[in-house]
Amino acid sequence: MSEEEKPTETTAATEEDDTKAEVPKEEESTAHFEPVVKLEEVETKSGEEDEETVFGMRAKLFIYGETLLDAGSGKKTWKERGIGEVRILRHREHQRLRLLMRQEKTMKVIANHAIDPRIKLEPNVGSDRSWVWSAFDFAEGQLVETVFALRFADSEIAQDFKTKFLECQAEMEKLLAGEDKPGEDGGAAADEAADALAGLSTKEEEK
């Protein structure tokens with residue numbers, strides 16, 4: 001092969017540089033797209049904005065009643081309703097007190113009743129950290145007489161709950177019946193307090 005036909009290294013390098021130069025550079029897109037539907041921020045209310053917490057502690061709640069399989073049979077048993085923080089709330093305006101409990105994560109209301117002075121907390125059989133009582137519950141949107149059992153982490157917390165519950169019952173009795181004549185209305189004021197729960201909003205909090 002003659003010297004003219006032999007490719008030189010200089011020629012090959014030049015062709016490679018020309019090839020690189022021909023590759024166009026990628027350009028960044030500056031296009032802006034408006035969303036078809038604009039979602040406005042909506043303020044979610046829990047119904048507790050006008051209340052203050054006077055007690056709050058994590059616990060497990062049970063109710064005594066029929067299961068779905070035993071509905072209508074009259075056969076009742078203890079069933080778990082949920083785990084969450086049980087709280088006693090005082091309304092800032094009319095000072096009435098109620099017990100409210102929401103299930104963890106879902107924030108579903110699982111207990112909601114007035115602190116009726118007639119409620120009697122009884123120790124659960126075989127446990128020093130659980131209380132049983134009956135009340136008119138409004139968790140499902142209507143007043144239903146319900147038997148509850150609430151179990152705490154230890155006996156000390158359970159006793160703190162009972163102490164605060166009894167204090168709130170005394171406060172409600174004075175508030176509803178009057179300091180001079182407590183209980184003379186036969187509990188009519190307490191019934192009124194239970195009925196008043198229907199007017200308290202317990203909307204589910206969105207997560």
Side-chain angles (χ1 to χ4, degrees), residues 46-65 76-140 143-177 179 182-183 187 189-198 200-205:
S46 65
E48 304 160 33
E49 290 77 15
D50 296 328
E51 296 171 292
E52 60 181 354
T53 301
V54 298
F55 178 89
M57 191 60 64
R58 190 173 185 268
K60 180 180 289 188
L61 182 70
F62 300 84
I63 61 170
Y64 187 72
K76 296 182 179 181
T77 185
W78 285 107
K79 53 184 179 179
E80 182 179 330
R81 179 171 269 191
I83 299 174
E85 183 183 21
V86 58
R87 292 181 293 156
I88 297 177
L89 305 175
R90 178 191 289 112
H91 198 281
R92 293 188 179 90
E93 183 178 350
H94 53 61
Q95 299 298 305
R96 288 181 178 178
L97 295 139
R98 63 167 172 158
L99 181 144
L100 180 70
M101 185 171 179
R102 292 181 181 270
Q103 190 173 27
E104 288 182 348
K105 298 182 180 179
T106 65
M107 302 307 293
K108 173 182 172 63
V109 176
I110 55 178
N112 179 28
H113 67 75
I115 304 297
D116 190 330
R118 297 169 297 177
I119 294 175
K120 294 189 180 299
L121 294 182
E122 301 289 346
N124 199 1
V125 177
S127 176
D128 61 352
R129 58 191 181 101
S130 180
W131 300 106
V132 177
W133 73 94
S134 176
F136 285 97
D137 184 44
F138 195 67
E140 300 294 336
L143 289 173
V144 178
E145 188 171 9
T146 307
V147 178
F148 296 102
L150 193 63
R151 189 169 68 199
F152 295 93
D154 55 51
S155 59
E156 183 177 352
I157 297 175
Q159 190 59 47
D160 289 343
F161 169 77
K162 182 180 181 181
T163 299
K164 179 57 67 174
F165 195 92
L166 294 177
E167 289 177 2
C168 292
Q169 281 186 303
E171 185 178 335
M172 279 288 282
E173 186 172 22
K174 292 179 180 180
L175 179 67
L176 298 175
E179 293 188 12
D191 288 333
E192 179 185 351
D195 292 337
L197 275 176
L200 290 174
S201 173
T202 53
K203 297 178 182 178
E204 307 302 333
E205 291 183 346

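FYI, the numbering just counts along the sequence from 1.
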Worked check of side-chain contact (heavy atoms from CB on, under 4.5 Å) between Met172 and Asp116: CA-CA 7 Å; Met172 279 288 282; Asp116 190 330; over 6 Å; no
Closer than 3.5 angstrom, by distance alone: can the side chain of Arg92 be matched with the main-chain N or O of Glu51 as a donor-acceptor pair? yes
Nearest 0.5 Å please: distance from the NZ atom of Lys174 over to the CD atom of Gln95. 14.0 Å
Show your working on side-chain contact (heavy atoms from CB on, under 4.5 Å) between Ile157 and Arg129 and close with a plain yes or no. CA-CA 8 Å; Ile157 297 175; Arg129 58 191 181 101; over 6 Å; no
Separation between CG of Leu175 and NE2 of His94, rounded to the nearest 0.5 Å: 9.0 Å
Under 4.5 Å between any side-chain heavy atoms of Glu48 and Arg98, yes or no? yes
Determine, step by step, whether Val86 and Phe152 satisfy the side-chain contact (heavy atoms from CB on, under 4.5 Å) criterion, reporting the C-alpha distance in whole Å, the side-chain angles of both residues, the deciding distance to 0.1 Å, and the verdict. CA-CA 10 Å; Val86 58; Phe152 295 93; 3.9 Å; yes
Can you list everything that forms a side chain to side chain donor-acceptor pair (under 3.5 Å) with Arg81? Sequence neighbours excluded, please. Asp137
So CZ of Arg96 and NE2 of His91: to nearest 0.5 Å the spacing works out to 10.0 Å
Answer yes or no: is there a side-chain heavy-atom contact under 4.5 Å between Gln159 and Trp131? yes
Measure across Ala149 and Val132 and return the closest heavy-atom pair with its distance rounded to 0.1 Å. CB-CG2, 4.0 Å
Closest non-hydrogen atom pair, Ala139 against Ala111: CB-N, 3.8 Å
Tell me whether Gln103 contacts the main-chain N or O of Ile110 through its side chain, where contact means a donor paired with an acceptor under 3.5 Å. no
Test your reading of the model: is there a side-chain donor-acceptor pair from Glu145 to the backbone of Ala135, 3.5 Å cut-off? no
Side-chain donor or acceptor of Ser130 paired with backbone N/O of Leu150 under 3.5 Å: yes
Applying side-chain contact (heavy atoms from CB on, under 4.5 Å) to Thr53 and not counting sequence neighbours gives Arg87, Leu89
Going by salt bridge (Lys or Arg N to Asp or Glu O under 4.0 Å), name the residues that satisfy it together with Glu93, two or more places apart in sequence or in a different chain. none
According to side chain to side chain donor-acceptor pair (under 3.5 Å), who are the partners of Glu167, at least two apart in sequence or on a separate chain? Lys164
Does NZ belonging to Lys76 count more than 12 external heavy atoms closer than 6.0 Å? no
Looking only at heavy atoms, the pair that brings Leu143 and Phe138 closest together is N-CD1, 3.7 Å
How would you list, by chain and number, every residue that makes a salt bridge (Lys or Arg N to Asp or Glu O under 4.0 Å) with Glu156, sequence neighbours excluded? none
Which residues share a salt bridge (Lys or Arg N to Asp or Glu O under 4.0 Å) with Glu122, sequence neighbours left out: none
Who pairs with Thr146 by side chain to side chain donor-acceptor pair (under 3.5 Å), at least two apart in sequence or on another chain? none
Phe62: partners by ring pair (Phe, Tyr, Trp, His ring centres under 6.0 Å), with sequence neighbours left out: none
Angle class for the Phe161/Phe165 ring planes (parallel below 30°, perpendicular above 60°, tilted otherwise)? tilted
Residue list, salt bridge (Lys or Arg N to Asp or Glu O under 4.0 Å) with Lys162, at least two apart or on another chain: none
Kindly determine whether Phe55 and Leu99 satisfy side-chain contact (heavy atoms from CB on, under 4.5 Å), including the steps that lead there. CA-CA 9 Å; Phe55 178 89; Leu99 181 144; over 6 Å; no
Would you please name every residue forming a side-chain contact (heavy atoms from CB on, under 4.5 Å) with Val54, sequence neighbours left out? Ile88, Arg90, Leu97, Cys168
Listed by chain and number, what are the side chain to side chain donor-acceptor pair (under 3.5 Å) partners of Trp133, not counting sequence neighbours? His113
